[in-house]
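Each remark here refers to the structure printed beneath this line.
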Amino acid sequence: MQAGNVFTDAIERLVRIGQEAGIQPEVIDALRQPKATHSAALPVRMDDGRTQYFQAYRCRYNDAIGPAKGGIRYHPGVTLEEVQALALWMTIKCSVVGLPYGGGKGGVIVDPKKLSRLELERLSRAYMRAMADFVGPDIDIPAPDVYTNARIMGWMADEYQAIKRAKAPGVITGKPVELGGSLGRDEATGRGAFVVIQAYAQRKGLDPTETTVAVQGFGNAGYHVARLLQGAGYRVVAVSDSKGGIYSAKGFDIDSLYHTKQESRQLKGVYCEGGICELVDHQKISNEELLELDVDILVPAALEGVITSKNVDRIKARTIAEVANGPLESAADGPLHERGITVLPDVLTNAGGVTVSYFEWVQNRQGYPWTLDEVRGRLADVMNAAFDAIWAYREEHGVSTRAAAYAVSLKRIANAISMQGTQEYFNAD
Ligand code: NAD
């Protein structure tokens with residue numbers, strides 16, 4: 001998808017599903033544009049002494065239900081429209097899982113792989129200096145996203161607290177555990193997706209040992225979901241990263257792949273070197289080929305817009321579990337639904353990350369950390385409850401799983417907006 005179209009596409013989908021679900025037009029109108037967006041040019045002192053400027057954004061999309069919540073992305077392809085689309089999806093997602101949050105998102109146009117560690121720290125601190133009056137534990141709470149991680153969240157939390165001259169760990173989530181992060185946050189997105197896929201497999205009577213899976217994107221989200229699925233007996237036959245993918249009909253041992261990738265920094269390193277190649281036959285494939293594999297479950301876990309009107313007819317998977325945000329262009333929704341391909345939508349499937357971010361924020365406010373078992377148990381409860389509500393709506397109304405998720409979510413947001421006052425509310429007797 002062209003980067004500039006992603007927000008328009010997200011709005012088209014919102015309006016279509018909102019109208020079908022009978023959401024008040026005034027509420028849909030309220031969600032057509034972000035409440036506020038802040039942009040800034042971040043000055044960063046580079047190691048060679050130059051000052052380089054990086055364009056940065058933070059979008060507070062909607063906060064009817066609670067403070068905005070959403071990650072910060074570092075990527076050369078970041079655009080304002082992409083940040084706004086991601087912030088809209090966060091608004092819907094937080095409501096899907098019933099969190100007391102609205103939605104937000106941030107991004108910086110940067111290729112972080114080209115920065116030294118110290119440049120990355122200066123960039124991250126500069127981001128927080130620029131945004132410190134726009135975020136806060138009761139206003140908008142950032143978190144990690146693509147190419148940002150716990151260390152970066154730690155630098156940002158530290159910078160915010162230096163500016164405010166007070167401890168405020170609840171300003172950001174996904175921090176290192178030593179700085180107030182939650183146990184289980186690193187695996188949360190993958191684990192939440194795993195819970196959803198398991199709940200779905202149970203409804204469908206799928207036997208994990210006879211179910212094949214392909215995962216696009218072997219980062220935080222993709223690795224953990226692949227690892228947990230393999231642990232439950234699923235056969236993960238393909239994985240990929242930005243450099244390409246690998247396929248094996250016998251399935252991969254995910255932890256061996258992960259450790260080899262950690263050593264070589266890319267999946268390419270496992271093509272023909274190291275223990276994994278001796279353990280299992282594999283074939284090199286492209287990211288496009290991975291998407292078109294004949295597998296039971298396809299898990300896009302990298303970037304948005306990878307399944308479009310152009311390749312949708314070549315998709316052979318029976319189920320798509322959207323672990324990335326927005327991997328399907330809205331034009332692909334109809335053709336997949338007509339072919340009976342179930343899409344477990346991003347706003348449900350990857351909501352485990354924000355759910356454990358919420359747990360982290362609660363722990364920070366209570367000053368009382370939870371055990372890993374508590375985090376995992378509560379995460380499973382939240383994800384199963386959301387899945388059950390969406391599945392019930394889908395069965396009752398005969399709509400797609402995405403339409404059901406949007407309907408459940410939008411009704412909650414609509415109720416909050418109505419309580420703040422709509423035309424209907426003021427005209428009532
Ligand atoms: P990450 O930076 O840890 O990993 C991204 C992965 O995608 C890497 O393996 C990278 O090599 C791969 N990749 C990048 N470009 C690619 C391309 N063109 N083709 C194939 N692979 C490519 O990021 P992440 O946190 O795992 O996020 C991945 C997706 O999951 C994003 O859409 C993100 O918004 C979504 N998500 C993440 C979280 C979270 O908590 N981390 C939560 C919800 C949603």
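In what follows, every heavy atom counts, from backbone to side chain, and hydrogens, waters and symmetry copies are set aside. Remember, it's 1-based here, ligands and their atoms both numbered in the order they're listed.
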Among all protein heavy atoms, pick out the one at the shortest distance from [atom]; state its residue, atom name and that distance to 0.1 Å.
atom                    : answer
atom 25 (O) of ligand 1 : Asn220 CB, 3.9 Å
atom 19 (N) of ligand 1 : Asn287 ND2, 3.3 Å
atom 29 (C) of ligand 1 : Ala302 O, 3.1 Å
atom 36 (N) of ligand 1 : Asn325 ND2, 3.9 Å
atom 18 (N) of ligand 1 : Leu303 CD1, 4.4 Å
atom 26 (O) of ligand 1 : Ala221 N, 2.9 Å
atom 33 (C) of ligand 1 : Asp145 OD1, 3.3 Å
atom 11 (O) of ligand 1 : Ser242 N, 3.0 Å

Could you check whether [Y] and [X], counting side-chain N and O atoms only, form a donor-acceptor pair closer than 3.5 Å?
X      : Y      : value
Thr189 : Asn350 : no
Thr211 : Asp296 : no
Ser357 : Arg185 : yes
Ser330 : Glu12  : no
Thr371 : Glu374 : yes
Asn220 : Tyr147 : no
Asn287 : Gln216 : yes

With nothing but distance in play, are any N or O atoms of Val146 less than 3.5 Å from an N or O of ligand 1? no

Identity of the nearest option to [atom], non-hydrogen atoms only, from [options]:
atom                    : options                : result
atom 10 (C) of ligand 1 : Tyr147, Phe218, Tyr74  : Tyr147
atom 28 (C) of ligand 1 : Gly217, Ala301, Gly219 : Ala301
atom 30 (O) of ligand 1 : Val323, Val347, Thr189 : Val323

Proximity of [X] to ligand 1 by residue part, where a heavy atom lies under 4.0 Å:
X      : result
Asp241 : both
Arg73  : side chain
Glu187 : neither

On a heavy-atom basis, the closest approach of Ala150 and Pro176 is O-CD, 3.1 Å

Taking only heavy atoms of Arg185 into account, list the atoms of ligand 1 that are under 4.0 Å away from them.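 Counting from 1, the qualifying ligand atoms are 40 (O).
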
Determine, for Lys105 against Glu304, whether the closest basic-nitrogen to carboxylate-oxygen distance falls under 4.0 angstrom. no

Can you find a non-hydrogen atom of Glu304 under 4.0 Å from ligand 1? no

Looking at side-chain heavy atoms only, is the closest gap between Tyr234 and Leu228 below 4.5 Å? no

Any side-chain heavy atom of Lys411 within less than 4.5 Å of one from Ile23?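 Yes; the side chains approach each other to less than 4.5 Å.
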
